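On a predicted model such as this, the values are computed, not experimentally measured, just so you know.
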Amino acid sequence: MADSQVKQIDTENNTTSASTTETTTTETTTSTSTTTSTSTPVAVIAAAPKVTETTSTNETETNVTSTSTSTSTNENATIIVTLPPIIPGELSIDEKFRLAKSVGVECIQEDELLALFGRKKNPIAYDGFEPSGRMHIAQGILKAINVNKLTKSGCTFIFWVADWFALMNNKLGGDIKKIQNVGRYMIEVWKACGMDMTNVRFLWSSEEINKNPNDYWMRVIDISRRFNLTRVKRCSQIMGRNDSDDLSASQIFYPCMQCADIFFLKADICQLGLDQRKVNVLAREYCDIIKMKNKPVILSHPMLMGLAEGQEKMSKSIPDSAIFMEDDASEVNRKIKKSFCPPGIVAGNPCLDYLKHIVFQAFPSITIQRTSENGGDIVYTNYEQLEADYVSGTLHPGDVKPALSKAINALIQPVRDHFVSDPEARKILNTIKNYKTTR
């Protein structure tokens with residue numbers, strides 16, 4: 001029986017759409033439950049695991065305009081923020097390819113991504129996240145920008161709320177209730193931060209795996225028997241670990257499960273950070289072994305730097321290295337003011353990193369405000385112009401930091417407002433702020 005089941009797994013083609021990708025699900029909040037219209041696809045806002053969902057089969061595609069606008073006043077300057085909306089109308093295959101490719105600093109492989117858009121009108125892209133603490137701007141604003149690009153390209157985007165994975169990785173002391181509370185908090189942030197929720201779905205790993213355990217665990221077992229321990233341990237970076245660490249048995253099993261997630265969700269595009277690259281490559285190697293024709297495309301976004309010198313990755317366990325999505329304006333200003341920003345140097349400079357990957361992706365232009373004695377205001381319509389002036393010395397860190405602070409404050413203001421105005425969201429935030437973030 002086991003052999004026949006494994007054979008079935010091996011011959012499955014990942015271009016086949018699963019039933020889970022063809023449903024429109026009830027949007028669930030703590031206090032209300034509204035069944036969506038059968039004419040417009042909407043995001044699945046999953047509440048806690050074990051919440052019953054109402055579904056309807058619907059394959060009609062409708063693009064809607066979604067704009068998040070906020071006004072933030074800081075240091076006598078007002079910035080109005082509008083994240084790029086989903087523009088109605090069908091993009092060409094080449095336009096979809098270029099827009100989707102712009103999400104990543106690495107694409108494996110570009111020809112496969114182009115072919116995917118020629119083959120499927122609505123590919124499935126996914127990202128998984130461990131609920132492990134407060135959300136920083138790399139997970140919030142950068143993710144919203146990337147998801148908006150992919151859904152505009154026609155993709156359905158699945159957020160895999162990896163509560164079981166956080167448990168296996170001993171996050172929050174292995175307390176599943178705390179982990180799931182953080183998962184709810186993260187969903188609240190994404191709902192408020194300018195992400196267009198059309199064709200976005202939030203699925204909890206604990207809930208979905210228990211719905212179809214045989215398919216999931218047979219895939220995990222098959223992956224685990226195809227690779228040796230050394231190859232699997234090389235993926236430990238995905239958990240924030242090293243292969244030389246004293247890993248628990250659950251952490252050894254973790255990469256096999258994350259690899260299985262890709263096939264379980266029928267993902268065409270793995271849209272995760274560069275730190276998840278090794279397990280995504282493992283999935284492609286697995287496709288070679290089982291002779292699966294269409295491999296998942298890897299579209300890796302950059303890892304935003306921490307604010308201190310030498311921090312290659314923003315870390316929520318080091319609060320001053322990260323800007324959190326509900327930090328108040330004074331806290332954002334303080335963190336950026338003391339951040340590492342060497343004059344004339346781009347490499348390892350977090351301020352320029354945020355301008356490139358967040359600010360210029362969210363704004364059509366940015367104004368550097370200066371006194372007339374210092375050269376007056378300068379308007380930049382692209383990052384390359386700003387970088388060139390910074391390297392030449394035309395711009396100083398004292399010019400860049402205030403502009404960056406104003407832009408970041410404006411981008412996260414809707415999230416602050418949400419946690420003030422929504423009592424349930426505020427309750428969740430107050431609860432998780434008391435949790436100690438663990439590595």
Per side-chain hydrogen bond (donor to acceptor under 3.5 Å, both in side chains), Q271 is matched among K149, K143, Q276 by K143
Please say which of E112, E110, E95, E106 ends up in a salt bridge (Lys or Arg N to Asp or Glu O under 4.0 Å) with K101.
-> E110
Judged by atom type as modelled, is there a donor-acceptor pair below 3.5 Å linking the side chain of [X] to the main-chain atoms of [Y]?
X: K335; Y: A322; value: yes
X: N382; Y: E384; value: yes
X: N333; Y: A329; value: yes
X: D175; Y: L167; value: no
X: N409; Y: S405; value: yes
X: R284; Y: P296; value: yes
X: Q311; Y: A308; value: yes
X: D327; Y: I323; value: no
X: K96; Y: E90; value: no
X: R219; Y: A260; value: no

What's the spacing between [X] [atom1] and [Y] [atom2] if we round to 0.5 Å?
X: D127; Y: L265; atom1: CG; atom2: CG; result: 11.0 Å
X: M135; Y: M325; atom1: CE; atom2: CE; result: 7.0 Å
X: T151; Y: N146; atom1: OG1; atom2: CG; result: 10.5 Å
X: I209; Y: D215; atom1: CD1; atom2: CG; result: 12.0 Å
X: Q361; Y: N148; atom1: CD; atom2: CG; result: 11.5 Å
X: L299; Y: C107; atom1: CG; atom2: SG; result: 5.5 Å

In sequence, state the C-alpha distance, the side-chain angles, and the governing distance for D261 and Y126, and then conclude on side chain to side chain donor-acceptor pair (under 3.5 Å).
-> CA-CA 10 Å; D261 293 342; Y126 110 100; 4.9 Å; no
Answer yes or no: is there a side-chain heavy-atom contact under 4.5 Å between [X] and [Y]?
X: N210; Y: W204; result: no
X: S339; Y: C351; result: yes
X: F159; Y: V147; result: yes
X: F253; Y: V220; result: yes
X: Q139; Y: V189; result: no
X: F117; Y: C155; result: yes
X: C193; Y: I412; result: no
X: Y354; Y: L404; result: yes

Over all atoms of both residues, closest heavy-atom pair of [X] and [Y]:
X: F202; Y: I187; result: CD2-CG1, 3.8 Å
X: C287; Y: F263; result: SG-CE2, 3.6 Å
X: C259; Y: V279; result: N-CG2, 4.0 Å
X: L172; Y: P131; result: CD1-O, 4.0 Å
X: L282; Y: P255; result: CD2-O, 4.5 Å
X: I298; Y: S300; result: CG2-OG, 3.4 Å

Tell me, with the steps shown, if L114 and I93 meet side chain to side chain contact (heavy atoms under 4.5 Å, CB included).
-> CA-CA 7 Å; L114 180 60; I93 291 172; 4.0 Å; yes
Evaluate the side chain to side chain contact (heavy atoms under 4.5 Å, CB included) criterion for residues K233 and I252: first the C-alpha distance (whole Å), next the side-chain angles of each, then the deciding distance (0.1 Å), finally the verdict.
-> CA-CA 7 Å; K233 286 180 70 175; I252 296 293; 3.7 Å; yes
Side chains of [X] and [Y]: is there a donor and an acceptor less than 3.5 Å apart?
X: S206; Y: D163; result: yes
X: D222; Y: Y286; result: yes
X: D94; Y: S92; result: no

Salt bridge check: are K152 and D196 linked by an N-O gap of less than 4.0 Å?
-> no
Indicate yes or no: does K191 engage E188 in a salt bridge with an N to O separation below 4.0 Å.
-> yes
Full working for side chain to side chain contact (heavy atoms under 4.5 Å, CB included) between W217 and M257 | CA-CA 8 Å; W217 293 115; M257 290 177 62; 3.7 Å; yes
If you count the non-hydrogen atoms of other residues, nucleotides and ligands that lie under 6.0 Å from NZ in K401, is the total more than 12?
-> yes
Considering residues at least two apart in sequence or located in another chain, which fulfil the side-chain hydrogen bond (donor to acceptor under 3.5 Å, both in side chains) criterion with E331?
-> R334
Identify, with sequence neighbours excluded, every residue that meets side-chain hydrogen bond (donor to acceptor under 3.5 Å, both in side chains) alongside E326.
-> R134, Y185
Take E208 and N212, measure what side chain to side chain contact (heavy atoms under 4.5 Å, CB included) needs, and give me the verdict at the end.
-> CA-CA 7 Å; E208 298 302 314; N212 201 352; over 6 Å; no
Tell me, with the steps shown, if W160 and F129 meet ring pair (Phe, Tyr, Trp, His ring centres under 6.0 Å).
-> CA-CA 6 Å; W160 190 234; F129 64 95; over 10 Å; no
Among all residues two or more places apart in sequence or in another chain, which pass the side-chain contact (heavy atoms from CB on, under 4.5 Å) test with D353?
-> L304, M305, H357
Given the rule in the ring pair (Phe, Tyr, Trp, His ring centres under 6.0 Å) test, do Y216 and F264 qualify, once you have shown the distances and angles that lead to the verdict?
-> CA-CA 6 Å; Y216 185 81; F264 185 68; 5.1 Å; yes
Go through the steps to decide whether N228 and R231 satisfy the test side chain to side chain donor-acceptor pair (under 3.5 Å), and finish with yes or no.
-> CA-CA 6 Å; N228 61 33; R231 177 65 184 89; over 6 Å; no
Sole candidate of I137, I358, V332 that passes side chain to side chain contact (heavy atoms under 4.5 Å, CB included) when paired with L411 = I358
